[in-house]
Amino acid sequence: MNKRLNILRLTMLLLLLAMLAACSSNGRKKHFVIAVSQCSEDVWREKLNEELRIAALYYNNLELRIKSANDDVKLQTEQIDRFADDNVDLLIVAPGQVTISPAIDRAYEKGIPVIIFDRRTRSDKYTAYIGADNKEIGTSMGEHLASVLPEGSNILELCGLSTSSPAIERQQGFDSIVALRPTISIVQRLHSDWTEQGAFKVVDSLLSHPYKSFDCLFAHNDRMAVGARRAAKKHGLDVNKIKFCGIDAMPQKGGGLPLVNDGTLFASYIYPTRGDEVLQLAMNILTGKKYKRENQLSSALVTSDNARVLIMQNDETVRQQDNLFTLRTRVDKAANDFNTQRLYLLILIIFMVLLIAAFAYSIRAYFTKARINSKLKESMDQQRRMTEDMEQMTKTQLQFFTNVSHELRTPLTLISGPVEQLLEDSSVHGTQRSMLEMVQRNTRILIQLVGEILDFRKVQNNKATLHLNHFALQNELRTWADDFRAVASRRKIKIEVDTSAVETEAMIIADRDKLEHIYFNLMSNSLKYTPEGGTITTSLEHKDGFYTMRVADTGKGISAEELPRLFERFYQAKGAIGGTGIGLSLVKAYVDMHQGDIHAESEQGKGTTFVVRIPETQPGYDADKDQPATSQATDRNMVDDSYVSTDTRAEALAERITNAEDFDNDRPLVLIIDDNNGMRAYLRSLLAEKYNVAEATDGKQGLEMAHRYIPQLVVCDVMMPVMDGIEFTAKLKEDTATSHIPVILLTARSLQEQREEGYTKGADSYLTKPFSGSVLLARVDNLLRSRTMLRSIFSGGSQEAEDEERLGLQDQNFVARLRETIKNNLANSDFSIERLGEEIGLSRVQLYRKVKALTGQTPVELLRKARLVKARRMIELTDKAVSEIAYEVGFTSPSYFNKCFKDEFGVSPGALRDSSGV
Ligand code: FRU
């Protein structure tokens, strides 16, 4: 991953460098700074500066810095020094005066190439010179004047600044020619500062005094010629007659060229600026190209003959220059655009490359990820399949255990029931009794074991719930511990219980049966592993909202590695004695259900302590549902040192009525009332094949259930706590709702008086224990079939009376009231079954069950029958219209009445009326 990231970074860096390189490709040539030091400011120099600037445009890498000294030698010296300090690449100097040479020398000596331009100094410390030949210019002008001036003409020479080289050289050239021509002469020689104003002053001053007249005035430049002409005009001289000549021949308005052209000046001389050539020379020097040290610019005389042509030429040059400039601007713009576009293109390319790289990377990453994912999925699938297989295996195994356990429970109860009955017979003695007791004990152990497996499955399937009780755990604990004393003393093990740390009145809210199960399991576990002479100590604490119960033994102890695994399902510690490995895991599950925790502490050779911590209360406690501690959760008699477990009483109570999924609406409901778990289970297993079964543990509970569910039959033990079977039967038979229910009483004692008492109280049958299962079933079947069924209660015939006589008094009363109430309400079409029940004092369910049991018909059918019987009588005996009769007996629709009537009597009301002849 990191490697890939580095490659990506490197690519980006390279691209960035490429971009920078591309951007700077324009600056590959060295950048030059050329300094120009102009001695003065005037049109000639402005033209020159402009030409330099235009020429500089042709070089992208050139910076031009121009400074003008305004004819101030000191200022020019300073400016040159500053340029040198700035380390300019080349210096172009037009020295104001020949004396300026030291500053130029300094720059030159510093290694800066120096071009002397237009004027010279006395020093030869310069790289190159470029300019016109001023002496030649003076000579040419002298020759021209000599040739055109009439003989005897006087010339006034107006020289430039005496310390500037052009003035010196021009004068030398001019004078040398005039000296050779005797026809003309120089009458006066004046000096000025190259300016028009300076010339005006000098000539004005000359003319203000007596002077020698002159025919021609030769000034060293056009500006001075113009100034001198102005002064001459001022003094009244005829300027048109005097020939004013100058030098420079500048082409622009007011320049020498147009002045010669319009006759203001007689002649001028082109003094070339040629900024382009100056800059070319400079670039040649800077770029190491070949160049000449002395460079002469050509010039020419301007007279009225060629001035016009020259102006035109100049205009053309200017136009072309303008064109060039425009072109140049366009080229620059195009170059600029090109550069910008190139940059954009580059950015685009980079972007594209990055995009492609990113795309390629994503595709690669996608495929890599897909590959990894598919591998991962494959291995996960494999794992899932393995887990599923394992889960399925475990499920199948557990289901197998559960099925086997269920299968075992029925035969086990079928063994334990008869054994219990046999043991209740006092005539069984000696070896037979002890053998039977052994069978009983081992059957119970097996039942407990099976129960434990089923309990465990229940926890596993999340079907186990807490049935909360409010009780004193400290008291219960002492009682529970007592049950182990007999077994313990047989093995010389001491049982100690210390609950002194808990306040006497402290009460816990928890599932008592489950806590009992926890305790019994821990105790039986300790009993298994405590050797003779050992001690098992139970202690209880109540602190910070929790109860902590400790069961400590003096057994051999459990190794540290095994301790945390003790509560795992099916785990059996090394050297475990018997058991299934379920006990402790069920204990843990019950502790967890209470939001508590359990752990074991052990020291090998010294013993083990189980510590259980349970909160003092649980959410959702309902005092109304709190069951008092009725019977033992565990049958104390079977506490044994080989196995201890819980019973299924709690579940039996929870399932008082046949399990919902087994309930069959077409089967009669039989209520079993017996305080003995084994007997109840035995009876259930006998009856469950053919009937729906409900269970109660004493007469009181049985009565409540009978009242609520109206069973078709009750099988009831006689000897029971709370309410015995005799009292139960009496109460059942007294109650209108239940009086019709047949009762079979069971007792171990075959005492005649009990039997008689039972019958007196209304028992329908008696069975003496031990009884055979088939006898019981036959008896139940018989009773259900031979129940008194009233064929009719509205016929009023002798058969009806006969049937009713066989009923008990209570039921006879019930039938009478039922009949009476129905008869009274026959015409009332709003009369409902609820109202019927209310008037008789039974709930809808009770009425339904009772009427169905007595008549085989539902109350609705009974009511309809009564109405139809009355209607029949009315059809036969009165002449009322059939529809009228229908309304009178409570039918709201005559057509429905017709249908019901025909269904009941096989003849329609109309046909009956016809045949009865009424
Ligand atoms: C410009 C100028 C010109 C003249 C030249 C001599 O400054 O005065 O008129 O010809 O200098 O250097």
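Note that this is a predicted model, so its numbers are computed, not measured. Note that ligands are numbered from 1 as they come in the structure, with each ligand's atoms numbered from 1 the same way. In this chain, residues are counted from 1 in sequence order. Just so it is clear, the values below take in all heavy atoms, side chains as well, and ignore hydrogens, waters and symmetry mates.
- When each atom of ligand 1 is checked for a heavy atom of D42 under 4.0 Å away, the hits are 1 (C), 7 (O).
- At a heavy-atom cutoff of 4.0 Å, ligand 1 is contacted by the side chain of D118 but not by its backbone.
- Residue contact check: S40 has heavy atoms under 4.0 Å from atoms 7 (O) of ligand 1.
- Atoms of ligand 1 lying under 4.0 Å from any heavy atom of P166, numbered from 1 in the order shown and given with element: 6 (C), 12 (O).
- Cation-pi geometry between R170 and Y271 is met: under 6.0 angstrom from the ring centre, within 45 degrees of the axis.
- Taking the centre and axis of the six-membered ring of F83, the NZ or CZ atom of R65 falls outside the cone set by 45° and 6.0 Å.
- If you look at R170 next to ligand 1, the close heavy atoms, those under 4.0 Å, all belong to the side chain.
- Remark: minimum distance from atom 2 (C) of ligand 1 to any protein heavy atom is reached at R119 NH2, 3.8 Å.
- What sits closest to atom 9 (O) of ligand 1 on the protein, heavy atoms only, is D248 OD2, 2.4 Å.
- Taking distance alone, with nitrogen or oxygen atoms compared against 3.5 Å, H220 stays at or beyond that limit from ligand 1.
- Of all atoms in ligand 1, numbered sequentially from 1 with element shown, those under 4.0 Å from a heavy atom of Y271 are 5 (C), 10 (O).
- Listed by atom number, the atoms of ligand 1 under 4.0 Å from N221 heavy atoms are 3 (C), 8 (O), 9 (O).
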